[in-house]
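Counting starts at 1 for both ligands and their atoms, following the listed order.
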Amino acid sequence: MRIDVVSLFPDFVRQSAAIGVVGRAQQRELLQVETWNPRDFATDNYRTVDGRPFGGGPGMVMLIDPLRAALAAIREAAPEPVHVIYLSPQGARLTQKKVEALAGMPRIALICGRYEGVDERLIEHEVDEELSIGDYVLSGGELGAAVIIDAVGRLQEGALNDAQSAQQDSFSDGLLDCPHYTRPVHHDVWGGVPEVLLSGDHAAIRRWRRKQSLGRTWLRRPDLLTQRALDDESRALLDEFRREYTR
Ligand SMILES: NC(=O)c1ccc(NCc2cccc(O)c2)nc1
């Protein structure tokens with residue numbers, strides 16, 4: 001998969017994508033991340049990329065033409081069609097479901113706004129979808145781009161080893177993850193580890209983990225439960241958790 005990023009701070013995006021699982025995915029050519037700076041496509045002597053907002057008001061707006069020229073260069077760089085995403089607080093909330101959809105695409109382009117954002121006409125004519133990583137305002141879209149690169153990059157076939165991909169199973173089925181423990185078995189300050197995890201009974205361990213995921217989701221993010229039907233076994237486990245919890 002190829003990801004092209006339009007940003008006034010290309011180093012930030014490139015360096016964050018060079019680390020860890022995503023960095024390795026790039027080395028193994030499972031993923032390609034290219035960055036494009038709109039300033040390189042500005043045609044005036046001062047390499048201007050922003051302009052004052054019509055209607056007045058504080059701040060600056062990113063100009064259409066440097067972004068449009070960068071997108072043209074991106075489209076030209078490889079044959080596959082490009083799905084263009086703009087990161088902004090006005091976008092649809094990014095979810096794991098959306099990440100999985102993006103991870104299956106051959107190419108996406110991520111436009112990172114700075115200042116007060118970009119001229120609306122660029123969004124209207126060049127952007128396929130506007131996405132937000134959360135309900136807060138950042139100084140630029142680059143952190144959103146880094147989030148998408150990470151979430152999509154780790155899903156590329158071969159990016160994660162078996163242990164790592166097993167870890168991803170928890171949230172990817174729409175539930176919160178269960179608790180995790182490691183040595184020491186008995187901590188002098190914080191006590192012990194749930195007995196079932198030391199039992200070696202893998203069926204019981206699987207059941208306990210599923211019950212914890214369901215119970216935690218019910219306690220912390222009940223909204224996630226309304227978005228998915230539960231099979232009979234999960235329904236029974238959650239009922240058991242809820243009975244024990246209120247006891
Ligand atoms: N929640 C997000 O995904 C997000 C994305 C970008 C951003 N800042 C740049 C920007 C871009 C557009 C309009 C705007 O008002 C600010 N801040 C937060």
Side-chain ion pair, [X] and [Y], N-O less than 4.0 Å:
X      : Y      : answer
Arg209 : Asp177 : no
Glu240 : Arg207 : yes
Arg93  : Asp135 : yes
Glu129 : Lys98  : yes

- Do any heavy atoms of Gly140 fall under 4.0 Å from ligand 1?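 So Gly140 counts as touching ligand 1.
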
- Message: Between ligand 1 and Gln90, can you find any atom pair, the residue atom being a heavy atom, that is separated by under 4.0 Å?
- Response: yes

- Note on the structure: Heavy-atom proximity to atom 8 (N) of ligand 1 ranks first, among Ile148, Leu94, Leu138, for Leu138

- Item | Proximity winner for atom 14 (C) of ligand 1, if only heavy atoms of Gly59, Ser132, Pro89 are counted |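 It is Pro89 whose heavy atom sits nearest to atom 14 (C) of ligand 1.
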
- Using ring-ring contact (aromatic ring centres under 6.0 Å, His included) as the criterion, list what pairs up with His125, not counting sequence neighbours.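 Per chain and number, His125 pairs via ring-ring contact (aromatic ring centres under 6.0 Å, His included) with no residue.
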
- Query: Is Arg2 reaching over with its side chain to a backbone N or O of Ile108, donor-acceptor style, under 3.5 angstrom?
  - Reply: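 Pair absent, no side-chain N/O of Arg2 close to backbone of Ile108.
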
- Task: Supply the atom-to-atom distance His186 NE2 to Leu198 CG, rounded to the nearest 0.5 angstrom.
- Result: 7.0 Å

- Message: Please report the interatomic distance NZ(Lys211) to CZ(Arg216), rounded to the nearest 0.5 Å.
- Response: 14.0 Å

So if I count the atoms of ligand 1 from 1 in the order they appear, which ones are less than 4.0 Å from some heavy atom of [X]?
X      : answer
Tyr136 : 1 (N), 18 (C)
Gly113 : 9 (C)
Gly141 : 6 (C), 9 (C)
Leu87  : 5 (C), 6 (C), 11 (C)
Gly117 : 12 (C), 13 (C)

- Task: Among all protein heavy atoms, pick the one closest to atom 12 (C) of ligand 1 and tell me residue, atom and distance.
- Result: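 Residue, atom and distance for the closest contact: Tyr86 OH, 3.0 Å.
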
- Query: In terms of residue, atom name and distance, what is the protein heavy atom nearest to atom 5 (C) of ligand 1?
  - Reply: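 Sorting protein heavy atoms by distance from atom 5 (C) of ligand 1 puts Ser88 CA, 3.4 Å first.
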
- Aromatic plane relationship, Tyr181 with Trp208 - under 30° parallel, 30 to 60° tilted, over 60° perpendicular: tilted

- Query: Is the Phe241 ring parallel, tilted or perpendicular to the Trp218 ring (thresholds 30°, 60°)?
  - Reply: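 Taking Trp218 first and then Phe241, their aromatic rings stand perpendicular (interplane angle over 60°).
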
For ligand 1, is there an N or O atom under 3.5 Å from any N or O atom of [X]?
X      : answer
Arg114 : no
Gly134 : yes
Ile133 : yes

- Region of Glu116 that comes within reach of ligand 1 [heavy atoms, distance under 4.0 Å]: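 Contact part for Glu116 vs ligand 1: backbone (N, CA, C, O).
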
